[in-house]
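Okay, structure first, notes after.
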Amino acid sequence: MAMKNTVEVVIAGKVFKISGYESAEYLHQVSVYINEKLAEFQKMEGYRRQTSDQKQLMLNMNLADDFFKAKRQADKLSAELEKKEREMYGIRHDLVEAQLLLEKQDTKDKETAEKLESQKKALEKERQELKKALESQGKALENQKKALEGQRQSSQKKLEEQNQAAQKRLAEQKRNYEGEIERLQKEIRDLQRTVARLEEQTSGRGGSYYQSNS
């Protein structure tokens, strides 16, 4: 339970002891407020002509007026505060919904990001596999190229050897043909000389005749 505070205050030049559960500072502020009100009334000539009871009544009415004005202001502020709180509640509700939507979107984005990352890894793996396959095919093609080059060189060498052998055979056949032609030409010349001799012999006899014994 709160402790009761008792303080001495000066009101209208007199010392009073007042008690309350509020703080001593607050009680002093109340006494200052009353002194300010009294000082305000003392400036009014009509107030100074009033009796003590009338002065007390006027003071009480003004204090009550201040209280009700302050209360109306407080009620107005309380109503505005309540309205603001309702608006804030609506805003907070909208914020909560927005937060839930954001969290849902974040979850969706996270799932999408994970899916994209998975697809990226799969594509990277496929790319690596294709790269290895291409490298393997490249090596195989290089080996085939080397093998074909070896075959081409071997075939070219064989063709050159066959060409050389063919040229050698042709040269040999040519020599043989030339020798045969030369032999035939010699025989022709010999035959021509024989024919010429025969013709000479025949023409020298002067047409001799042979008689048959039959």
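By the 6.0 Å contact criterion, CZ on F16 is enclosed, its count of non-hydrogen atoms from other residues, nucleotides or ligands being greater than 12. Counting non-hydrogen atoms of other residues, nucleotides and ligands closer than 6.0 Å to OH of Y33 gives a total above 12. Counting non-hydrogen atoms of other residues, nucleotides and ligands closer than 6.0 Å to CD of E25 gives a total of 12 or fewer.
Of all heavy-atom pairs spanning R48 and Q42, the tightest one is NH1-O, 2.5 Å. When all heavy atoms are compared, the tightest approach of G20 to L27 is N-CD1, 4.1 Å.
Look at K69 and D65 and you find a salt bridge, because one of the NZ, NE, NH1 or NH2 atoms lies within 4.0 Å of a carboxylate O, short of that distance. A salt bridge links E124 and R127; the closest N-O separation between the charged side-chain nitrogens and carboxylate oxygens is under 4.0 Å. By the 4.0 Å N-to-carboxylate-O rule, R86 lies close enough to E82 to be salt-bridged with it. In summary, K110 and D106 do not engage in a salt bridge, as defined by a charged side-chain N under 4.0 Å from a carboxylate O. Ion pairing between K139 and E135 fails under the 4.0 Å rule for side-chain N and carboxylate O. Checked for salt-bridge contact, R169 and E172 miss the test: no charged N lies under 4.0 Å from a carboxylate O. For the pair E45 and R49, the salt-bridge criterion is met [side-chain N within less than 4.0 Å of a carboxylate O].
Linking Ile, Leu, Val, Met, Phe, Trp and Tyr residues whenever their side-chain heavy atoms come within less than 4.5 Å places I18 and I34 in a single cluster. Hydrophobic clustering (side-chain heavy atoms under 4.5 Å, transitive across Ile, Leu, Val, Met, Phe, Trp, Tyr) groups M44 together with M58. Under the 4.5 Å side-chain heavy-atom criterion for grouping Ile, Leu, Val, Met, Phe, Trp and Tyr, Y26 is connected to L63 within one hydrophobic cluster.
One finds the CD atom of Q73 at 7.5 Å from the CD atom of E80 (value rounded to the nearest 0.5 Å). To the nearest 0.5 Å, atoms CD (Q156) and CD (E149) are separated by 8.5 Å. How far NZ of K71 is from OG of S78: 9.5 Å, rounded to the nearest 0.5 Å. Expressed to the nearest 0.5 Å, how far CD of E180 lies from CZ of R175 amounts to 15.0 Å. The CG atom of L38 sits 5.0 Å away from atom CG of L59, with the distance rounded to the nearest 0.5 Å. Within the model, atoms CD of E36 and CD of E40 stand 9.0 Å from one another, a figure rounded to the nearest 0.5 Å.
For the pair I11 and N35, the minimum side-chain heavy-atom distance is below 4.5 Å. Side-chain contact check for D190 versus I188: every heavy-atom pair is 4.5 Å or farther apart. Between Y89 and R92, some side-chain heavy-atom pair lies under the 4.5 Å cut-off. Counting only heavy atoms from C-beta outward, the side chains of Y47 and K55 approach each other to under 4.5 Å. Under the 4.5 Å side-chain criterion, counting only non-hydrogen atoms from C-beta, N5 is not in contact with E22.
A donor-acceptor distance shorter than 3.5 angstrom exists from the side chain of T107 to the backbone of E103, with no hydrogens or angles considered.
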Applying side-chain hydrogen bond (donor to acceptor under 3.5 Å, both in side chains) to N60 and Q56, what does each step give before you reach the verdict?
CA-CA 6 Å; N60 291 338; Q56 187 64 44; 3.1 Å; yes
Under the side-chain contact (heavy atoms from CB on, under 4.5 Å) rule, what do I91 and M88 come out as? Steps first, then yes or no, please.
CA-CA 5 Å; I91 292 172; M88 288 298 295; 4.3 Å; yes
Assess whether side-chain hydrogen bond (donor to acceptor under 3.5 Å, both in side chains) is satisfied between E160 and Q164, documenting all intermediate values.
CA-CA 6 Å; E160 289 176 354; Q164 290 176 359; 5.6 Å; no
Check the pair D75 / L77 against side-chain contact (heavy atoms from CB on, under 4.5 Å), numbers first and verdict last.
CA-CA 5 Å; D75 291 341; L77 292 175; over 6 Å; no
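L116 pairs in a side-chain contact (heavy atoms from CB on, under 4.5 Å) with only one of the listed residues (K120, E114, Q119), which is Q119.
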